[in-house]
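See below for the structure under consideration.
First the proteins, then the strands, lettered A, B, ... as listed; each starts at 1.
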There are 2 protein chains.
Amino acid sequence: MSNTKVLPLVEPETAVEPCCPPLAERPFSAEEAERTAKMFKALGDPVRLRLFSAVAAHADGEACVCDISDVGVSQPTVSHHLKKLKEAGLLSSERRGTWVYYRVEPSVVAAMGRLLTAAAG
Amino acid sequence: MSNTKVLPLVEPETAVEPCCPPLAERPFSAEEAERTAKMFKALGDPVRLRLFSAVAAHADGEACVCDISDVGVSQPTVSHHLKKLKEAGLLSSERRGTWVYYRVEPSVVAAMGRLLTAAAG
DNA sequence: ACAAGGCATCGACGGACATCGAATCAGAGG
DNA sequence: CCTCTGATTCGATGTCCGTCGATGCCTTGT
């Protein structure tokens, strides 16, 4: 095998499902809304949105914390927000030596996008 | 002089721009993040998500408040959340006789969808 | 004009959350 | 082993926000 890439194998506590049923098909149930709202809430903070955007815009689709931590808040706060994004399933992380790298979770983000696109019409 | 009545003259609600720059192209600035986060935050609450979904799923693309207000919270709370969604530019409202109708604002929702779709790919 | 119903606003309360400094954990290197 | 640096966790604090009952506004029907 030529590819030595190591899969994270992290398995976030609650397996983040593909995401969400279509938004305009039928009214959300309380449970569906509870689950889906967490993802939107994760992006509903300016600092988290900047961090997420910084990761998404970074080359190779991943970014070290040290590369994106200049968003005007302290370093513990950056770590706190990255954890939130990870819990929401939008980011995944992997430690390689000294640094920790974060990357966008494409399937979850794409599902959120489809959810909105469907609602628009 | 007495006829120079001071009107509220509210024009700000319509100032909601098409939405947002691409997410994965470059890191968001603080201002961009501030503006965009408001929209995601609006969908980051389970009750608001249910209300939004109920409107989006309703026939003719619009729904009376009386048709969607059964989400487990009091009537003032429903009104409060609908106002938030309206302020975020995701819904618009119109009074016709006794009832008030809400409808999805397609351009804004579509822009949010594209923003995420771009980040995923 | 009056009463009734739908919806919005107000004021208050309680829980959630963003933020920070300090402490702690995890690798790399001397 | 010890130290240095990067990153997370902990504990405290101030603010924001979701929720409610009471109240007010608007429209309809009597």
Gap between atoms [atom1] and [atom2], on [X] and [N] respectively (whole Å):
{"X": "A:Leu51", "N": "D:dA7", "atom1": "CG", "atom2": "C1'", "result": "14 Å"}
{"X": "A:Ile68", "N": "D:dT8", "atom1": "CD1", "atom2": "C1'", "result": "14 Å"}
{"X": "A:Asp45", "N": "D:dT15", "atom1": "CG", "atom2": "P", "result": "17 Å"}
{"X": "A:His81", "N": "D:dT9", "atom1": "NE2", "atom2": "P", "result": "14 Å"}
{"X": "A:Glu34", "N": "D:dG18", "atom1": "CD", "atom2": "P", "result": "13 Å"}
{"X": "B:Leu43", "N": "D:dG18", "atom1": "CG", "atom2": "P", "result": "12 Å"}
{"X": "B:Glu94", "N": "C:dC7", "atom1": "CD", "atom2": "P", "result": "14 Å"}
{"X": "B:Leu85", "N": "C:dC7", "atom1": "CG", "atom2": "P", "result": "16 Å"}

Report yes if the side chains of [X] and [Y] come closer than 4.5 Å at any heavy-atom pair, otherwise no.
{"X": "B:Leu91", "Y": "B:Leu51", "result": "no"}
{"X": "B:Val65", "Y": "B:Trp99", "result": "no"}
{"X": "B:Phe52", "Y": "B:His81", "result": "no"}

>> If you count every heavy atom of other residues, nucleotides or ligands that lies below 6.0 Å from B:Glu31 atom CD, does the total exceed 12?
In response: no

> If every non-hydrogen atom of B:Ile68 is compared with every non-hydrogen atom of B:Ala63, which pair is closest and at what distance?
Replying inline: CG2-CB, 3.8 Å

>> Ignoring hydrogens, what is the shortest heavy-atom contact between B:Ala33 and A:Pro46? Give both atom names and the distance.
In response: CB-O, 3.5 Å

Indicate whether OP1 or OP2 belonging to [N] is found under 4.0 Å from a side-chain N or O atom of [X].
{"X": "B:Thr98", "N": "D:dT28", "result": "no"}
{"X": "A:Lys41", "N": "C:dA16", "result": "no"}
{"X": "A:Lys84", "N": "C:dC17", "result": "no"}

>> Rounded at 0.5 Å granularity, tell me how far CD in A:Glu62 sits from CZ in A:Arg96.
In response: 4.5 Å

Below 3.5 Å is the cut-off: list the nitrogen or oxygen pairs between protein and nucleotides 8-10 of chain C, distance only.
from: C:dA8; atom 1: OP1; to: B:Tyr102; atom 2: OH; distance (Å): 2.7
from: C:dA8; atom 1: OP2; to: B:Ser79; atom 2: OG; distance (Å): 2.7
from: C:dA8; atom 1: O5'; to: B:Ser79; atom 2: OG; distance (Å): 3.2
from: C:dA8; atom 1: N7; to: B:Gln75; atom 2: NE2; distance (Å): 3.2
from: C:dA8; atom 1: N6; to: B:Gln75; atom 2: OE1; distance (Å): 3.4

>> Let's see if you can work this out: which of C:dA18, C:dC20, D:dA7 has an atom nearest to the side-chain heavy atoms of A:Cys64?
In response: D:dA7

> Across the strands shown, which category fits A:Arg48 at heavy-atom distances under 4.0 angstrom: base, sugar-phosphate, nothing?
Replying inline: sugar-phosphate

